[in-house]
Enquirer: 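Below is a structure I'd like to ask you about.
Note on naming: letters A, B, ... go to the chains in the order of the sequence lines (proteins, then strands), and numbering restarts at 1 for each one. Note that the coordinates shown come from a computational prediction; the quantities given were computed from them, not determined experimentally.
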Amino acid sequence: MASSSTGSSKPNFKLVDHFVAMGFPVWMVYKAIEKKGEDDKSLILDTLLAYMGPENSPSKYQCISSSSEESSSESERSSANDLFPDDDSPWIDDFTAKDKMVAILVNMGYPAVDALEAVEKCGLQAEIMELTDYIYTAQMEKQHDVQFQEPAYACPKPPHDDLPSSSRGKRKLCDIRVSRPKEMIGFGVPSHPRHIVERRLPKSALGPPYFYYENVAYSPKGTWETMSRFLDEIKPEFVDSKYFCAAARKRGYIHNLPILNRFCISPKPPCTIQEAFPDNKKWWPYWDPRTQLNCLVTVVSGFKLLSEDIQKRLESCPGDTPPKEVQEYVLVNCRKQNLIWVGKNKVAPLEPEEMEMILGFPKNHTRGGTTRLDKFKALGNSFQVDKVAYHLSVLKKEFPYGMNVLSLFSGIGGAEVALHRLGIPLKHVVSVESSKVNKNIFRSWWKETNQRGTLIEIGDVQHITIDMVGQWIKAFGGFDLIIGGSPCNNLAGGNRVSRNGLDGELSSLFYHYYRILHIVRDMMGR
DNA sequence: ACTATAATGACTGATTAA
DNA sequence: TTAATCAGTCATTATAGT
């Protein structure tokens with residue numbers, strides 16, 4: 001089975017390095033070893049040569065995945081599919097009996113908090129009817145407690161609020177919407193803090209060291225299955241930043257962190273456009289219903305022409321209410337390019353400073369010898385700090401005296417900023433980042449915040465060797481956290497040229513994350 | 001040379017229609 | 001159950017402007 005060749009078993013790094021030294025890409029080496037096993041060197045070499053193939057064979061992911069299906073088994077394919085059965089709740093396998101009960105109620109449309117309370121109070125033997133009755137009476141009681149408000153973090157459209165309040169009282173099983181919009185709340189977000197209370201990790205994945213891996217949620221098919229297979233078969237947690245700030249950002253996370261007792265950093269960022277840009281409120285037409293922005297990306301294009309076009313259209317129609325089709329045109333394009341109102345009938349993209357604020361970075365974080373374009377690119381590629389901090393918050397108790405962090409693909413230091421804002425001291429940080437601009441930004445933050453720890457900067461993950469890791473671990477005793485999001489260029493939907501999948505030129509650096517994670521584990525006696 | 005801008009669809013998942 | 005439709009996307013590259 002495919003599961004025996006990777007995942008729980010430790011890879012043979014000497015063997016991997018042997019072929020890497022010959023010039024084969026790391027991802028290809030892993031793929032070949034995964035397929036052919038570690039025993040027969042020449043067989044691996046043949047496979048690699050076949051992969052490399054004649055020069056004209058493109059390395060598009062479609063080609064590679066289809067060719068591997070031809071030569072190899074159906075079993076490999078089906079095992080990948082088994083990882084993520086077509087189920088509404090992808091975590092159902094991991095549930096305890098209690099979790100299952102809660103999940104059933106949540107899927108019926110009840111708030112997770114209420115569902116949990118009901119299961120705890122009524123016990124596991126309770127009938128569904130009994131549980132729903134409990135929730136109903138509890139909700140009625142809570143309506144009297146006016147002071148019991150949702151936290152300021154309220155999600156823009158809580159699922160249990162989409163039912164008219166009048167029908168809430170007499171909700172019966174038959175009324176309940178079983179399928180509701182899929183929401184990316186992972187194991188929980190501040191407005192749904194205990195969506196899932198427990199999960200089981202494979203033994204091979206238990207920390208230390210902890211690891212935290214991120215990438216775009218909507219990648220080409222099979223991408224997350226592959227990444228999951230390489231990272232201990234842990235199922236990804238998909239979370240949208242819209243629950244943490246005023247802009248959407250759908251990302252997946254594979255990590256082995258505890259998920260109980262997460263908390264938010266303060267100050268909390270504004271969660272709506274109106275809170276984030278109070279000064280722009282006066283320019284906002286009443287017929288633009290947006291309360292949150294779409295994903296902040298690395299570049300906007302054509303916004304000047306569009307802005308003029310919009311202005312002309314709006315000014316050509318009298319009064320405050322343009323015709324429906326004009327409204328529709330304006331809204332569609334504003335959403336598409338993520339524009340905000342900055343003047344009368346005038347729209348514009350966000351400024352870098354505004355992006356910094358929404359993504360949870362300090363003001364002027366990206367200052368320092370960079371062009372405007374550099375800033376957009378750096379920020380568009382970055383973490384949303386509040387969300388990452390929420391996930392990492394569980395480490396605060398465990399590491400009150402600080403952490404040693406291996407930060408791969410550091411970018412502008414989203415992970416470090418998150419830890420810093422959590423109040424977790426950074427003892428030793430090995431930061432791996434290839435972009436000179438990003439390194440400058442991160443270094444100036446490091447100085448600005450008077451970090452007392454040591455910072456080691458590396459330019460390229462591909463240059464990290466077993467020796468280097470060994471020296472770091474000898475020097476400061478090991479890493480507590482390996483964190484990073486590998487390049488999304490070949491995965492992101494916005495890429496029209498080279499959305500090649502995980503084996504694309506840049507996104508294949510994922511395999512180095514995997515490689516280095518396992519080297520660290522190996523060295524730390526895991 | 002460097003910087004800003006515009007042009008360039010396809011794919012994914014969710015929703016709705018058939 | 002399946003097909004059509006909808007909305008949204010950590011982007012790359014050529015060209016214009018400075």
Enquirer: To the nearest Å, give me how far apart CG (A/L339) and C1' (B/dT5) are.
Expert: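 Atom-to-atom, A/L339 to B/dT5, this comes out as 14 Å.
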Enquirer: A/T371 or A/S219: which one's nearest nucleotide on DNA chain B is closer to the 5' end?
Expert: A/T371
Enquirer: Distance check needed: C/dT12 C1' versus A/N490 CG, whole Å only.
Expert: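 In whole Å, C/dT12 C1' and A/N490 CG are 11 Å from each other.
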Enquirer: What integer distance in Å separates A/E225:CD from B/dT12:P?
Expert: 11 Å
Enquirer: Taking only Lys NZ, Arg NE, NH1 and NH2, and the carboxylate oxygens of Asp or Glu, determine whether A/E351 and A/R372 approach each other closer than 4.0 Å.
Expert: yes
Enquirer: For C/dT12, take OP1 and OP2 only and decide whether either is under 4.0 Å from a side-chain N or O of A/N489.
Expert: yes
Enquirer: Within the structure shown, what part of the strands sits under 4.0 Å from A/C488 by heavy-atom distance: base, sugar-phosphate, or nothing?
Expert: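 The residue A/C488 makes base contact.
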Enquirer: Of the listed nucleotides (B/dT8, C/dG8, B/dT12), which one gets closest to any side-chain atom of A/N294?
Expert: C/dG8
Enquirer: Nearest to the side chain of A/Y218 - C/dG8, B/dG13, B/dT5?
Expert: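 Per side-chain heavy atoms of A/Y218, the pick is B/dG13.
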Enquirer: For the side chain of A/Y513 and the backbone of A/I482, is there at least one donor-acceptor N/O pair under 3.5 Å apart?
Expert: yes
Enquirer: Take the protein atom CG of A/N495 and the nucleotide atom C1' of C/dT12, then report the distance between them rounded to whole Å.
Expert: 6 Å
Enquirer: Dump the pairs, protein N or O against N or O of nucleotides 13-18 of chain C, anything under 3.5 Å, distances to one decimal.
Expert:
none

Enquirer: Got a salt bridge between A/E457 and A/K439, using NZ or NE/NH1/NH2 to carboxylate O under 4.0 Å?
Expert: no
Enquirer: Does B/dT8 have a Watson-Crick or wobble partner in any strand here, with both distances under 3.5 angstrom, and which is it?
Expert: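 The answer is C/dA11, by the H-bond criterion.
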Enquirer: Just to be sure I understand the rule, does A/G411 reach a base, reach only the sugar-phosphate, or reach nothing, if contact means heavy atoms closer than 4.0 Å?
Expert: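 The residue A/G411 makes no contact with any strand.
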Enquirer: Between C1' on C/dT12 and CD on A/E505, what's the gap in Å once rounded to a whole number?
Expert: 12 Å
Enquirer: Taking the side chain of A/R499 as its heavy atoms from C-beta onward, which of C/dG8, B/dA4, B/dC11 lies nearest to it?
Expert: B/dC11
Enquirer: Which part of the nucleic acid, if any, lies within reach of A/S507 when heavy atoms closer than 4.0 Å are counted: base, sugar-phosphate only, or nothing?
Expert: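 Nothing: the residue A/S507, judged by heavy atoms under 4.0 Å, touches no strand.
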Enquirer: Heavy atoms only, 4.0 Å cut-off, all strands: where does A/F383 land among base, sugar-phosphate and nothing?
Expert: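 No contact at all - A/F383 keeps every heavy atom at 4.0 Å or more from the nucleic acid.
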Enquirer: Report yes if at least one side-chain N or O of A/R251 is closer than 4.0 Å to OP1 or OP2 of C/dC10; otherwise report no.
Expert: yes
Enquirer: Taking the six-membered ring for Trp, are A/Y30 and A/Y514 closer than 6.0 Å centroid to centroid?
Expert: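 Under 6.0 Å, so yes.
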Enquirer: Assess, by modelled atom type and distance only, whether the side chains of A/N215 and A/Y213 contain a donor and an acceptor separated by less than 3.5 Å.
Expert: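 A/Y213 and A/N215 do have a side-chain donor-acceptor pair below 3.5 Å.
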Enquirer: Please pick, from B/dA6, C/dC10, B/dG9, the nucleotide with the shortest atom-to-atom distance to any side-chain atom of A/R496.
Expert: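 Among the listed nucleotides, the one closest to the side chain of A/R496 is B/dG9.
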Enquirer: Roughly how many Å is it from NZ in A/K242 to P in C/dT9, rounded to a whole number?
Expert: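 Distance check: A/K242 NZ to C/dT9 P gives 11 Å.
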Enquirer: Consider the side chain of A/S301, meaning its heavy atoms from C-beta on, and name the nucleotide among C/dT12, B/dT12, B/dA6 that approaches it most closely.
Expert: B/dA6
Enquirer: When you measure from the side-chain N and O atoms of A/K221 to the phosphate of B/dG13, is any distance below 4.0 Å, counting only OP1 and OP2?
Expert: yes
Enquirer: Find which nucleotide of DNA chain B each of A/L305 and A/A492 is nearest to by heavy atoms, and output the residue with the more 5' nucleotide.
Expert: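 The residue whose closest nucleotide sits nearer the 5' end is A/L305.
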Enquirer: Using a distance-only test with no angle check, is there a side-chain donor-acceptor pair under 3.5 angstrom linking A/Y511 and A/S486?
Expert: no
Enquirer: So, A/Y253 and A/K387: side-chain donor and acceptor under 3.5 Å apart, yes or no?
Expert: yes
Enquirer: Starting at CG of A/D374 and ending at P of B/dT3, how long is that distance when rounded to a whole Å?
Expert: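 Rounding to the nearest Å, CG of A/D374 and P of B/dT3 are 7 Å apart.
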Enquirer: With distance as the sole criterion, is a donor-acceptor pair present between the side chains of A/T291 and A/Q274 under 3.5 Å?
Expert: no
Enquirer: Atom CZ of A/R335 to atom P of C/dC6: distance rounded to whole Å?
Expert: 14 Å
